[in-house]
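Heads up, the thing below is written out as structure tokens.
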Amino acid sequence: MNRVYNFSAGPSMLPESVLRRAAGEMLDYNGCGQSVMEMSHRSKVYQGIIDSAESLLREVMGIPQNYKVLFLQGGASSQFAMIPMNLMTKSGKADFVLTGQWATKAYQEAARYGEAHVVASSKDKTFSYIPELDPASFTKDADYFHICLNNTIYGTRFTELPDTGDVPLVADISSCILSEPIDVSRFALLYAGAQKNMAPAGLTVVIIREDLIGHAMDITPTMFNYQTHADNGSMYNTPPCYNIYMAGLVLEWIRDEIGGLEKMKEINEKKAAMLYSFLDNSKLFSGTVVPKDRSLMNIPFVTGSEELDAKFVKAASDAGFVNLKGHRSVGGMRASIYNAMPVEGVEKLVAFMADFEKENG
Ligand SMILES: *Cc1c(COP(=O)(O)O)cnc(C)c1O
């Protein structure tokens with residue numbers, strides 16, 4: 001067996017020990033004679049699995065009691081509609097900061113259900129920075145204020161949260177969930193597709209303050225109403241059973257092997273610093289993002305020549321560093337270094353880049 005270092009933006013690497021454990025439990029979970037993939041979601045054994053995944057998430061993230069954790073499907077993209085249908089029901093207004101494609105999609109979808117305002121955008125420079133926010137420009141009676149905390153495609157992240165006062169702050173944390181501690185109480189709603197940093201694709205996690213549940217628009221489909229899922233412990237219908245199990249294993253790995261989110265952050269900062277410092281000192285490669293807004297998770301870079309970019313991506317792939325091609329909207333390269341990317345993977349990538357520079361610089 002020869003595993004590669006996978007720098008994919010998502011779905012992405014899972015911790016090797018988690019994969020091994022899942023493999024070991026594949027045919028017979030915990031002596032019950034069946035795989036988690038095969039068991040009824042109404043069984044006692046499965047109830048134990050979903051309960052444990054939720055309590056691990058609460059423990060690892062420090063989620064306060066007055067928040068519900070929902071295990072849903074439909075991806076982060078479904079939340080772009082689900083959020084306005086459930087929250088945009090008082091003034092019918094919401095504010096958006098456009099920091100990339102995902103934030104823009106959240107805005108465009110919300111605009112179908114109410115009055116969506118753009119308070120700032122960094123589109124003028126291909127979303128390579130986080131725009132300054134002026135609270136005077138915020139909509140005072142907005143039903144929510146939406147940000148994308150880490151911008152997967154462009155490699156930026158918010159390092160400071162907007163002060164929205166009483167307006168509920170909502171954040172897409174698909175590509176940074178579990179990468180470092182986060183003060184959940186600053187947010188009214190957090191959501192994430194699991195496939196970047198938590199589990200295989202097919203699970204969406206929503207963390208929502210309880211007072212925001214129960215006010216959905218009349219037109220809201222039953223499956224799009226947070227209340228449906230909150231009232232039924234995320235089991236109104238069949239949940240993504242196996243993905244929830246995998247999320248539980250990943251959370252145990254973070255708690256028991258890594259030592260929690262503070263430790264996870266240290267490791268992620270170390271990995272990112274290695275790559276950024278190489279880029280800052282390289283004569284061939286350069287990062288594309290304003291240094292103060294650089295993501296810990298997604299690191300885009302270029303050589304300045306499309307031809308050399310393509311040559312690098314191919315050579316890297318041949319050497320076992322795969323999925324380094326940048327997003328089709330940006331070009332160049334992007335290294336996504338989520339939790340499961342070992343430090344050694346980044347060390348080896350940097351060494352490979354240095355060699356490539358010597359030969360092609
Ligand atoms: C990947 C991603 C999405 C889209 O997630 P899906 O689960 O594919 O819908 C949305 N927002 C961010 C920040 C992402 O990284």
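It should be emphasised that the depicted structure is a prediction, and the values quoted were computed from it without experimental measurement.
- Between Arg334 atom CZ and Asn298 atom CG the span is 6.0 Å, to the nearest 0.5 Å.
- Other residues, nucleotides and ligands place no more than 12 heavy atoms under 6.0 Å from the CZ atom of Arg20.
- Looking at Lys265 and Glu262, no side-chain N of the basic residue comes within less than 4.0 Å of a carboxylate O on the acidic one, giving no salt bridge.
- Taking hydrophobic clusters as Ile, Leu, Val, Met, Phe, Trp and Tyr residues chained together by side-chain heavy-atom distances below 4.5 Å, Ile173 does not share a cluster with Met297.
- No donor-acceptor distance shorter than 3.5 angstrom exists from the side chain of Ser128 to the backbone of Val289, with no hydrogens or angles considered.
- At least one side-chain heavy atom of Ile254 sits under 4.5 Å from a side-chain heavy atom of Leu261.
- Thr139 places no side-chain N or O within donor-acceptor distance of the main-chain N or O of Asp141, the cut-off being under 3.5 Å.
- Between Glu109 and Lys105 there is no salt bridge, since no side-chain N of the basic residue sits under 4.0 Å from a carboxylate O of the acidic one.
- A donor-acceptor contact closer than 3.5 angstrom links the side chains of Glu257 and Ser17.
- You'll find the side chain of Ile83 reaches within 4.5 Å of the side chain of Tyr144, heavy atoms only.
- Taking 4.0 Å as the cut-off between side-chain N and carboxylate O, Asp231 and Lys68 do not count as a salt-bridged pair.
- Under the 4.5 Å side-chain heavy-atom criterion for Ile, Leu, Val, Met, Phe, Trp and Tyr, Val313 and Leu284 are members of the same hydrophobic cluster.
- Under the 3.5 Å distance criterion, with hydrogens and angles disregarded, no donor-acceptor pair is assigned to the side chains of His229 and Gln227.
- The shortest distance between side-chain heavy atoms of Ile49 and Val36 falls below 4.5 Å.
- Arg42 places no side-chain N or O within 3.5 Å of a backbone atom of Thr238 that could act as its donor or acceptor partner.
- Closest non-hydrogen pair, Pro168 versus Leu212, comes out as CG-CD2, 4.3 Å.
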message: Run the ring-ring contact (aromatic ring centres under 6.0 Å, His included) test on Phe80 and Tyr107 for me, step by step, so that the C-alpha distance in whole Å, both residues' side-chain angles and the decisive distance to 0.1 Å come before the verdict.
response: CA-CA 8 Å; Phe80 300 161; Tyr107 157 71; over 10 Å; no
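- Asp124 and Tyr129 share a donor-acceptor pair across their side chains, judged by distance under 3.5 Å alone.
- Judged purely by atom type and a 3.5 angstrom limit, Asp293 uses its side chain to pair as donor or acceptor with the backbone of Ile130.
- The pair Lys270-Glu266 does not meet the salt-bridge criterion, since no charged nitrogen lies less than 4.0 angstrom from a carboxylate oxygen.
- Side chain of Asn151 to main chain of Arg157: no donor-acceptor pair is present (N/O by atom type, distance under 3.5 Å, no hydrogens or angles).
- Closest non-hydrogen pair, Tyr154 versus Gly100, comes out as CE1-CA, 3.5 Å.
- The backbone N or O of Tyr338 lies less than 3.5 Å from no partner atom in the side chain of Asn197, so there is not a single donor-acceptor pair.
- Contact check for Gln79 versus Thr204: side-chain heavy atoms found under the 4.5 Å cut-off.
- Of the possible donor and acceptor atoms, none in the side chain of Asn6 sits under 3.5 Å from a partner among the backbone N and O of Gly320.
- Checked by atom type and distance alone, the side chain of Glu306 never pairs as donor or acceptor with a backbone atom of Gly331 at under 3.5 Å.
- Under the 3.5 Å distance criterion, the side-chain polar atoms of Ser174 are matched with a main-chain donor or acceptor of Gly193.
- Ring-centre distance between Phe312 and Phe285: below the 6.0 Å cut-off.
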task: Please lay out, stage by stage, how Phe158 and Thr99 fare under the test side chain to side chain contact (heavy atoms under 4.5 Å, CB included).
output: CA-CA 10 Å; Phe158 281 81; Thr99 50; 3.9 Å; yes
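- For the pair Tyr46 and Pro239, the tightest heavy-atom approach, listed with the atom from each and the gap, is CE2-CG, 4.3 Å.
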task: Applying side chain to side chain contact (heavy atoms under 4.5 Å, CB included), run through His41 and Asn237 and close with a yes or a no.
output: CA-CA 9 Å; His41 61 293; Asn237 69 327; over 6 Å; no
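- The nearest pair of heavy atoms linking Ala110 to Pro84 is CA-CG, 3.8 Å.
- Val322 is not listed as a side-chain neighbour of Ser8, based on a closest heavy-atom distance of 4.5 Å or more.
- No salt bridge links Lys311 with Glu307; every basic N to acidic carboxylate O contact stays at or beyond 4.0 Å.
- Nearest approach of Ala199 to Asn243, heavy atoms of both residues: CB-O, 3.6 Å.
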query: So Glu59 and Arg255, salt bridge (Lys or Arg N to Asp or Glu O under 4.0 Å) or not? Walk me through it.
result: CA-CA 9 Å; Glu59 180 186 345; Arg255 186 189 64 181; 3.2 Å; yes
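- Contact annotation: the side chain of Val4 never approaches that of Met13 to less than 4.5 Å [non-hydrogen atoms, C-beta and beyond].
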- request: For Met198 and Val205, run side chain to side chain contact (heavy atoms under 4.5 Å, CB included): C-alpha distance rounded to whole Å, both residues' side-chain angles, the deciding distance at 0.1 Å, then the answer.
  value: CA-CA 10 Å; Met198 196 164 31; Val205 170; 3.6 Å; yes
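- Residues Met235 and Ile207 fall within the same hydrophobic cluster, defined by Ile, Leu, Val, Met, Phe, Trp and Tyr side chains chained together at heavy-atom separations under 4.5 Å.
- Within a 6.0 Å sphere centred on OH of Tyr276, heavy atoms belonging to other residues, nucleotides or ligands number more than 12.
- Side-chain atoms of Met61 and Ile182, non-hydrogen and from C-beta on, do get closer than 4.5 Å to each other.
- One finds no salt bridge joining Lys271 and Glu347 here, because no Lys/Arg side-chain nitrogen approaches an Asp/Glu carboxylate oxygen to under 4.0 Å.
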query: Could you walk me through whether Ser295 and Asn150 pass the side chain to side chain donor-acceptor pair (under 3.5 Å) check?
result: CA-CA 7 Å; Ser295 166; Asn150 183 76; 2.7 Å; yes
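- Proximity of a side-chain donor or acceptor of Ser317 to a complementary backbone N or O of Lys314 within less than 3.5 Å is not detected.
- Taking 4.5 Å as the limit, some side-chain heavy atom of Val45 sits within range of a side-chain heavy atom of Met39.
- Atom CD1 of Ile258 and atom CG of Asn339 lie 7.5 Å apart (nearest 0.5 Å).
- Cluster annotation: Leu178 is connected to Leu56 through the hydrophobic network of ILVMFWY side chains, with a link wherever side-chain heavy atoms come within less than 4.5 Å.
- Ser282 and Glu357 are linked by a side-chain donor-acceptor pair at a separation below 3.5 angstrom, with hydrogens and angles left out of the test.
- Asp166 CG: 12 or fewer foreign heavy atoms inside a 6.0 Å radius.
- A centroid separation of less than 6.0 Å is found between the aromatic rings of Phe96 and His146.
- For Asp163, the CG atom sits in a loose shell: 12 or fewer heavy atoms of surrounding residues, nucleotides or ligands are nearer than 6.0 Å.
- Val184 and Ile208 fall into different hydrophobic clusters, where Ile, Leu, Val, Met, Phe, Trp and Tyr residues are linked whenever their side-chain heavy atoms come under 4.5 Å apart, directly or through other members.
- Under 3.5 Å, the side chains of Glu38 and Tyr29 contain no donor-acceptor pair of N or O atoms.
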message: Would Ile267 and Val343 count as a side chain to side chain contact (heavy atoms under 4.5 Å, CB included) here? Give the steps.
response: CA-CA 7 Å; Ile267 298 169; Val343 173; 3.9 Å; yes
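- One distance of note links SG of Cys241 with CZ of Phe71; it measures 12.0 Å at 0.5 Å rounding.
- To the nearest 0.5 Å, atom OH of residue Tyr226 and atom CD1 of residue Ile213 are 9.0 Å apart.
- A pairwise comparison of heavy atoms in Leu14 and Arg3 identifies O-NH2, 4.2 Å as the closest pair.
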